[in-house]
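Structure, as structure tokens:
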Amino acid sequence: MKLNKLTDIGLKVCAALLIAVSLVLTFTVSDYYIFNRVSEYGFVFVFCQWMKKAGLLLIPLAVFYNKKSCSDITKYFLPVFVIVSCFTFGEFFNATSITENSTPADFCFAEINEFIPKTVNMSLFFISNALYLFICAGLFVRDGFKVGLKSFAYLPFAVTACIPLNIFENFFDINDYSPAHFLWFRNFTVWHLLAVLTLAGFTIGAYFFLKYQSESKRQDYLVATAIILLIQYHSKDSVLLGDGYNVYSYVFSAVPLFICNIGVYVACLSVFLKKRVLYSISFFVHAVGALTVFIYFGKDEMSNYGIFCSYSILFFCLTHCLLFALCVLPTALGQYKFKIKDCIIPLVYYFIVIILATVSSGLVSSFLEGYTHNGYSLSYENGDFNLPNYAFTQVNPLPVNVPVIPLKIWKWEMNLLYVALVYVAYVCLFWAFNGAYILFLAIHKKVLSRTRHELELTHELLAETAVSEDENKE
């Protein structure tokens with residue numbers, strides 16, 4: 001009994017450390033950099049790193065939720081890929097954004113982005129591999145060597161769910177396409193319609209799938225979805241080497257103050273912790289945020305997504321589909337019933353988010369403006385960097401101009417009126433979404449009531465018919 005308890009504690013500590021180390025690694029070179037360069041880094045190493053991503057899904061489920069199937073897959077499937085990756089990394093740790101064509105601005109950003117030294121990056125890589133192996137050994141101790149073959153039915157799902165989305169870029173060169181190309185993703189094109197239909201189809205499909213599951217199974221699937229969202233969300237931090245999501249190329253773009261970025265954490269925590277306040281924030285604030293950006297992606301010049309199967313658009317669609325589903329499904333499935341009084345905390349929460357986003361946007365812009373390396377100073381006017389548009393606090397996504405009421409933050413001037421309007425506009429969207437939800441419940445209740453009444457009348461008619469037939473027989 002004592003050994004089992006110590007093993008369980010050791011597993012949880014190692015799993016927590018693995019998650020922490022894996023998170024830090026996304027801010028170094030980030031191994032997502034290799035997945036669209038299979039020919040450069042070798043199929044074996046790339047494939048091993050992909051399988052280790054699947055391990056980040058399986059291990060939390062095996063350790064923290066005691067899922068036997070995940071434990072079986074982890075301890076028998078993962079070790080070989082971990083060990084092989086230790087000997088096949090090649091030139092991975094020498095990866096850098098600097099090339100012979102790099103500009104002085106690129107050198108400035110390289111100094112900012114590559115703030116974690118190569119030796120630390122290598123150490124973290126091997127520490128994570130050791131933690132993988134410790135966890136696999138601990139699972140053998142905790143669960144024994146007996147394995148159910150049915151467990152491996154979940155392996156293809158785990159591998160597919162953690163697929164590196166930029167791996168498809170091995171089959172095309174994004175530079176061969178321009179915004180005029182049919183495959184280019186823009187607002188109100190066939191690809192935009194496909195994205196919206198995907199969001200609707202995924203959410204509705206997930207609802208009907210989970211509706212007929214037991215409560216425990218339903219929670220398991222939601223937890224797995226949350227972990228997948230976190231894994232895929234953090235793939236964007238390969239931005240350090242210029243391959244990141246959308247148009248950003250510096251580490252500050254990873255600050256989670258875009259409304260959907262912070263929503264990832266809130267929605268996932270709501271599923272893990274099952275706290276009412278987190279459910280209310282997810283449903284009232286972040287469901288609307290995820291939905292609105294699907295309906296309108298912003299001005300084309302601020303949404304350089306590339307073609308529909310490029311990393312940026314695949315990242316956007318997958319993460320926002322998962323985010324929207326996690327925000328609405330607990331309420332739709334009856335795990336949490338949203339009430340009007342639940343709006344108060346989300347409104348305060350979003351107010352705080354807007355303030356933090358505004359201040360952070362100003363501070364980051366001020367830091368970048370005039371940042372000097374080897375005698376060259378970054379300048380926004382020269383086009384050296386894009387504005388950190390946290391929660392849309394700097395760049396207006398709508399094609400309208402807003403009068404300026406200046407607010408100076410360090411060296412940078414923000415538009416106080418615009419920021420205030422952003423808050424008001426989103427609050428209006430929150431209430432509109434909530435109103436649609438209340439209307440849906442009212443219609444749904446009325447339809448159910450009418451159906452129930454019709455069924456009662458039918459039963460009464462059948463009963464009367466049966467009595468009449470019995471009297472006729474007599």
Side-chain angles (χ1 to χ4, degrees), residues 187 196 199-200 203 255-270 275-299 302-303 316 319-321 323-332 336-362 387-407 409 414-442:
N187 281 308
V196 174
L199 174 69
T203 307
V255 176
L257 283 174
F258 297 89
I259 191 63
C260 290
N261 293 166
I262 195 170
V264 167
Y265 297 109
V266 174
C268 291
L269 283 174
S270 73
K275 296 294 184 182
R276 185 177 186 84
V277 64
L278 295 174
Y279 280 136
S280 66
I281 292 172
S282 296
F283 183 80
F284 188 70
V285 175
H286 295 296
V288 186
L291 183 62
T292 52
V293 291
F294 250 95
I295 295 173
Y296 176 67
F297 282 75
K299 294 179 289 189
M302 64 180 289
S303 302
F316 180 93
T319 55
H320 283 74
C321 279
L323 173 59
F324 183 75
L326 286 177
C327 288
V328 301
L329 285 177
T331 301
Y336 158 71
K337 293 184 179 180
F338 188 82
K339 298 178 180 179
I340 294 296
K341 66 179 182 180
D342 294 334
C343 298
I344 299 173
I345 292 179
L347 287 171
V348 175
Y349 157 83
Y350 186 61
F351 181 75
I352 295 171
V353 168
I354 284 291
I355 292 175
L356 290 175
T358 303
V359 174
S360 298
S361 295
L387 294 178
N389 196 29
Y390 306 137
F392 293 110
T393 52
Q394 293 214 69
V395 182
N396 186 353
L398 300 174
V400 293
N401 293 321
V402 177
V404 177
I405 297 180
L407 171 67
I409 298 178
M414 308 289 289
N415 186 348
L416 183 60
L417 176 61
Y418 168 70
V419 172
L421 290 176
V422 168
Y423 177 76
V424 172
Y426 263 98
V427 168
C428 291
L429 288 172
F430 299 159
W431 282 113
F433 183 78
N434 184 62
Y437 168 68
I438 293 172
L439 180 62
F440 168 77
L441 288 182

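Residues satisfying the ring-ring contact (aromatic ring centres under 6.0 Å, His included) test with Tyr418, not counting sequence neighbours, are none. For Ala391, the side-chain contact (heavy atoms from CB on, under 4.5 Å) partners are Ile354, Ala357, Thr393, not counting sequence neighbours. Every residue two or more places apart in sequence or in another chain that forms a side-chain contact (heavy atoms from CB on, under 4.5 Å) with Val400 is listed here: Asn396, Leu398. Every residue was checked against the ring-ring contact (aromatic ring centres under 6.0 Å, His included) condition with Phe324, not counting sequence neighbours, and none meets it. Legend: residues meeting ring-ring contact (aromatic ring centres under 6.0 Å, His included) with Tyr350, ordered by chain and number and at least two apart, are Tyr423, Tyr426, Phe430. Tyr265 pairs by the ring-ring contact (aromatic ring centres under 6.0 Å, His included) definition with Tyr233, His234, not counting sequence neighbours.
Looking at Thr319 and Val264, their side chains never come closer than 4.5 Å, going by heavy atoms from C-beta outward. Looking only at side-chain heavy atoms (C-beta outward), Asn187 and Tyr296 come within less than 4.5 Å of each other. Using a 4.5 Å cut-off on side-chain heavy atoms (C-beta onward), Leu323 and Cys260 make contact. With a 4.5 Å cut-off on side-chain heavy atoms, Val277 and Tyr349 do not count as touching. No side-chain heavy atom of Leu429 sits less than 4.5 Å from a side-chain heavy atom of Leu291. Between Ser361 and Leu387 the shortest side-chain heavy-atom distance does not fall below 4.5 Å.
Although no hydrogens or angles enter the test, the distance criterion places a donor-acceptor pair under 3.5 Å between the side chain of Asn415 and the main chain of Ile405.
Between Arg276 and Lys337, the shortest heavy-atom distance links the atoms NH2-O, 3.0 Å. Contact between Ala287 and Phe283 at its shortest, heavy atoms only, is CB-O, 3.4 Å. The two residues Val293 and His320 come nearest to each other via the heavy atoms CG2-CD2, 3.6 Å. In terms of heavy atoms, Asp342 sits closest to Pro346 at O-CD, 2.8 Å.
Rounding to the nearest 0.5 Å places OG of Ser282 at 8.0 Å from CG of Leu326. Summarising the geometry, atom CD1 belonging to Ile344 is positioned 10.5 Å from atom CZ belonging to Phe284; distances are rounded to the nearest 0.5 Å. The distance from atom SG of Cys343 to atom CG of Asn434, rounded to the nearest 0.5 Å, is 4.5 Å. The NZ atom of Lys275 sits 13.5 Å away from the CD1 atom of Ile281 when rounded to the nearest 0.5 Å. We find the OG-CD1 distance between Ser360 and Ile409 to be 8.5 Å, quoted to the nearest 0.5 Å.
By the 30° and 60° cut-offs, the orientation of the rings of Tyr336 relative to Tyr279 is parallel.
Heavy atoms from other residues, nucleotides or ligands lying under 6.0 Å from CG of Leu421 number more than 12.
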>> Run the side-chain contact (heavy atoms from CB on, under 4.5 Å) test on His286 and Ile262 for me, step by step, so that the C-alpha distance in whole Å, both residues' side-chain angles and the decisive distance to 0.1 Å come before the verdict.
In response: CA-CA 9 Å; His286 295 296; Ile262 195 170; 3.5 Å; yes
